[in-house]
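Just so it is clear: chains get the letters A, B, ... in the order the sequence lines come, proteins before strands, and each one is counted from 1. Nothing here was measured: the structure is a model prediction, and the numbers come from that model.
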2 protein chains.
Amino acid sequence: MSRPQPQKRATVHDIAAAAGVSRGTVSRVLNGGYVSAEARAAIEAAITEVGYVPNNAARALKMRRSQAVAFVTLEPHSLFLDDPNIGSIMLGANAALSLADHQMVSLVVESSRDTERVARYLSGGFVDGAIVVSARTQDPIIKVISDLSLPAAFVGHPPELDRTIPFVGIDNVGSARAITEHLLTGGRRRIGMIAAALDRDSGIDRLAGFRAALGPLFDEEMVADVPHYDYGSGVKGMRELLERDRSVDGVFAASDAIAAGALEALREAGRSVPGDVGVVGFDDSTWAVRCQPQLTTVHQPAKEIGSCAAQLVLRQLRGEHPDPGGQLLPTPLVLRDSA
Amino acid sequence: MSRPQPQKRATVHDIAAAAGVSRGTVSRVLNGGYVSAEARAAIEAAITEVGYVPNNAARALKMRRSQAVAFVTLEPHSLFLDDPNIGSIMLGANAALSLADHQMVSLVVESSRDTERVARYLSGGFVDGAIVVSARTQDPIIKVISDLSLPAAFVGHPPELDRTIPFVGIDNVGSARAITEHLLTGGRRRIGMIAAALDRDSGIDRLAGFRAALGPLFDEEMVADVPHYDYGSGVKGMRELLERDRSVDGVFAASDAIAAGALEALREAGRSVPGDVGVVGFDDSTWAVRCQPQLTTVHQPAKEIGSCAAQLVLRQLRGEHPDPGGQLLPTPLVLRDSA
DNA sequence: TACGGATGTGTGAACGTGCACACAGTAGGA
DNA sequence: TCCTACTGTGTGCACGTTCACACATCCGTA
């Protein structure tokens with residue numbers, strides 16, 4: 001079976017022939033240079049006439065530049081379907097890249113088959129750089145990027161193995177600490193946490209911040225450990241906390257979805273919020289405002305995270321070396337009704 | 001300021017030199033052909049030694065094939081942040097393309113600036129085809145794809161202007177009719193609808209199905225028209241229905257999120273579900289199972305939609321001409337507790 | 001011996017682009 | 001008059017790959 005030939009498209013040669021000039025002159029019209037007014041007019045007419053569109057593949061080959069940056073999502077299953085922020089991060093990155101006239105291409109790595117193919121894609125000259133979003137810190141693709149020394153930026157914690165790649169994220173420890181302190185200043189004394197995803201840095205750090213805020217008041221018993229950042233986990237986690245200590249008067253949920261689940265469990269148990277129990281969440285996602293009462297939570301600047309990561313890549317493409325330390329964006333507390 | 005040269009990477013020439021053979025032989029090892037065992041061994045050793053990665057841009061230029069397919073999301077703002085299915089559709093498409101060893105690259109069109117850049121990208125040889133997901137049926141990018149005669153497939157309704165491009169979707173009219181009939185067989189007689197997004201085909205069709213199911217029972221007054229498929233719209237829409245007729249005993253919500261909002265409004269009004277009022281949704285998203293009671297709804301086979309769209313593109317890449325009529329995937333009713 | 005097929009290898013051209021270079025004409029100043 | 005600077009144009013090459021073709025060797029058979 002012979003593959004169908006994609007239809008022949010006009011090239012600079014065709015334009016040159018149509019306008020009665022040479023390829024070089026056409027190139028100068030497209031890319032700037034000395035061209036006479038007549039030649040320019042003839043060429044521009046020819047371009048629209050033959051419907052010319054430049055061939056990116058050829059340009060990328062010659063220029064070693066594709067004007068494209070990959071947005072690589074590792075473990076999309078958990079990220080795309082659970083994480084309320086991933087969409088906003090993408091849009092933020094796209095907006096920033098768009099302003100710099102770069103194309104964002106989003107790649108998804110789900111299987112080992114994907115890993116290999118994406119690695120090939122990244123190394124093949126189709127993209128000039130990469131933004132990597134990963135749920136966990138270790139992934140084979142990260143080594144590939146590191147080996148290729150492809151200009152890159154991480155969203156979230158960078159992998160231990162390559163500290164030379166810059167990253168952008170939020171201060172999970174500090175934010176968790178701040179929101180827990182809000183519960184304390186509200187007079188809560190028996191405070192529990194529904195901690196999720198303790199196999200990820202975000203989960204670990206939020207727990208660490210909680211512990212730091214409570215200091216001597218911290219009680220291991222008052223931490224319910226659930227696997228995911230989702231609603232169901234919140235219901236289960238809150239029931240567990242109530243079972244362990246019915247005098248609980250404050251709860252820090254590791255995400256808004258969890259907080260929403262906690263509200264449901266508290267309603268079941270006949271507790272009022274914020275009267276009997278103060279509840280705070282994390283993310284400032286759409287969950288926060290659709291709950292009854294609306295959630296006091298930590299705002300994640302998702303759009304800014306995306307655009308910041310894009311800037312980190314663009315800066316490297318301009319030849320600058322960003323300090324590898326990474327960048328933590330501010331996470332303002334959003335005070336609503338739940339605590 | 002001079003642009004930094006991306007570091008020089010090994011090419012087939014380097015491998016040939018290292019292995020003491022010619023470029024042609026290297027190419028044959030990579031792409032198949034008669035090669036002696038010694039030559040093959042030497043070349044494979046050389047490949048790993050110099051860390052060769054093939055240059056996709058050069059390959060795409062020569063082969064006129066990039067082995068990549070674009071996943072274009074028009075109006076990502078509403079889709080990414082509102083639509084619970086878009087992530088699953090993407091993953092479904094990615095899985096199908098992955099099996100055919102094609103790379104899915106997701107592009108996002110948000111501004112007019114994006115439109116132009118993505119059009120260039122699509123026409124530049126970086127992708128062999130495109131899957132287009134659009135909230136609305138009209139968009140400038142569609143004309144571009146049509147003009148380029150790029151192998152493509154639409155998710156949802158195809159634009160009127162080009163019926164030659166195949167599409168995949170669900171039968172919104174039939175599904176809405178079926179779920180409304182479920183309310184009728186449950187004995188409900190005063191049935192309202194919270195209709196959303198009446199500027200899109202999906203919204204229009206769901207309303208049409210509702211009307212068809214009710215027949216003479218249909219009452220214009222019992223349709224609350226809300227702008228979006230979201231929770232807040234559901235709350236508002238349900239309040240409106242209750243105000244118009246307190247005897248309402250059944251509600252078809254145009255999405256699960258809306259249904260969730262409706263449940264909240266009914267709780268406010270002291271109505272029990274499904275006792276006083278039966279509520280059904282649409283999508284079978286995560287909303288459906290996190291509601292109290294869990295929603296009876298229409299299952300959208302999002303993953304299958306994605307993989308089906310991918311197949312439509314892949315088939316064209318193989319030179320087949322899929323019937324342009326389009327494909328509607330089955331949408332089973334999921335019976336839970338809300339009606 | 002001569003021939004044809006199967007197996008193995010090297011060479012040249014082409015994909016479409018951008019850039020370095022060569023070249024030509026004009027104008028102005030030493 | 002010659003040299004330089006500026007504007008404008010054409011040609012050749014390179015980017016890294018694949019493929020068609022030419023050539024070379026070996027074996028079995030007419």
Engineer: What is the first contacted nucleotide of DNA chain C and what is the last, in 5' to 3' order, if contact means an atom lying under 4.0 angstrom from a heavy atom of chain B?
Structural biologist: C:dT7 to C:dG16
Engineer: For B:Gly24 and for A:Pro54, locate the closest nucleotide of DNA chain C by heavy-atom distance; then report the residue assigned to the nucleotide nearer the 5' terminus.
Structural biologist: B:Gly24
Engineer: Rounded to whole angstroms, how far apart are CZ on B:Arg28 and P on D:dT18?
Structural biologist: 12 Å
Engineer: Does A:His102 reach the side chain of A:Leu317, with side-chain heavy atoms less than 4.5 Å apart?
Structural biologist: yes
Engineer: Return yes if the base of D:dG16 and the side-chain atoms of A:Arg64 contain a donor-acceptor N/O pair under 3.5 Å, otherwise no.
Structural biologist: no
Engineer: Could you tell me whether the side chain of B:Gln67 reaches within less than 4.5 Å of the side chain of A:Arg117, counting heavy atoms only?
Structural biologist: no
Engineer: As an exercise, state the distance from CG of B:Asn56 to CD of B:Gln103, rounded to the nearest 0.5 Å.
Structural biologist: 9.5 Å
Engineer: If you assign each of A:Ala10 and B:Thr25 to its closest nucleotide in DNA chain C, which residue comes earlier from the 5' end?
Structural biologist: B:Thr25
Engineer: Starting at atom OH of B:Tyr34, determine the distance to atom P of D:dC21, rounded to an integer number of angstrom.
Structural biologist: 17 Å
Engineer: With no hydrogens and no angle check, do the side chains of B:Asn94 and B:Ser98 hold a donor and an acceptor under 3.5 Å apart?
Structural biologist: no
Engineer: Applying a 4.0 Å non-hydrogen cut-off, can you work out what B:Ala39 is touching in the nucleic acid: base, sugar-phosphate, or nothing?
Structural biologist: sugar-phosphate
Engineer: Just wondering, do B:Val127 and B:Leu107 contact through their side chains at under 4.5 Å, heavy atoms?
Structural biologist: no
Engineer: Look at the side-chain N and O atoms of B:Thr11 and state whether any lies under 4.0 Å from the OP1 or OP2 oxygen of D:dG16.
Structural biologist: no
Engineer: Measure the distance from CE on B:Met63 to C1' on D:dG16 and round it to the nearest whole Å.
Structural biologist: 13 Å
Engineer: Using whole Å, what does the distance between atom P of nucleotide D:dG16 and atom NZ of A:Lys62 come to?
Structural biologist: 10 Å
Engineer: Given atom CD1 of B:Ile15 and atom P of D:dG16, what is their separation to the nearest angstrom?
Structural biologist: 12 Å
Engineer: Is the closest side-chain heavy-atom distance between B:Val12 and B:Leu30 below 4.5 Å?
Structural biologist: yes
Engineer: Would you give the length of the straight line joining atom OH of B:Tyr52 to atom NE2 of B:His13, rounded to the nearest 0.5 angstrom?
Structural biologist: 10.5 Å
Engineer: Distance check needed: D:dG8 C1' versus A:Arg40 CZ, whole Å only.
Structural biologist: 12 Å
Engineer: Counting just side-chain N and O atoms, does B:Asn55 come under 4.0 Å of either OP1 or OP2 of D:dT17?
Structural biologist: no
Engineer: Atom NE2 of A:His13 and atom P of D:dT11: how far apart are they, to the nearest Å?
Structural biologist: 11 Å
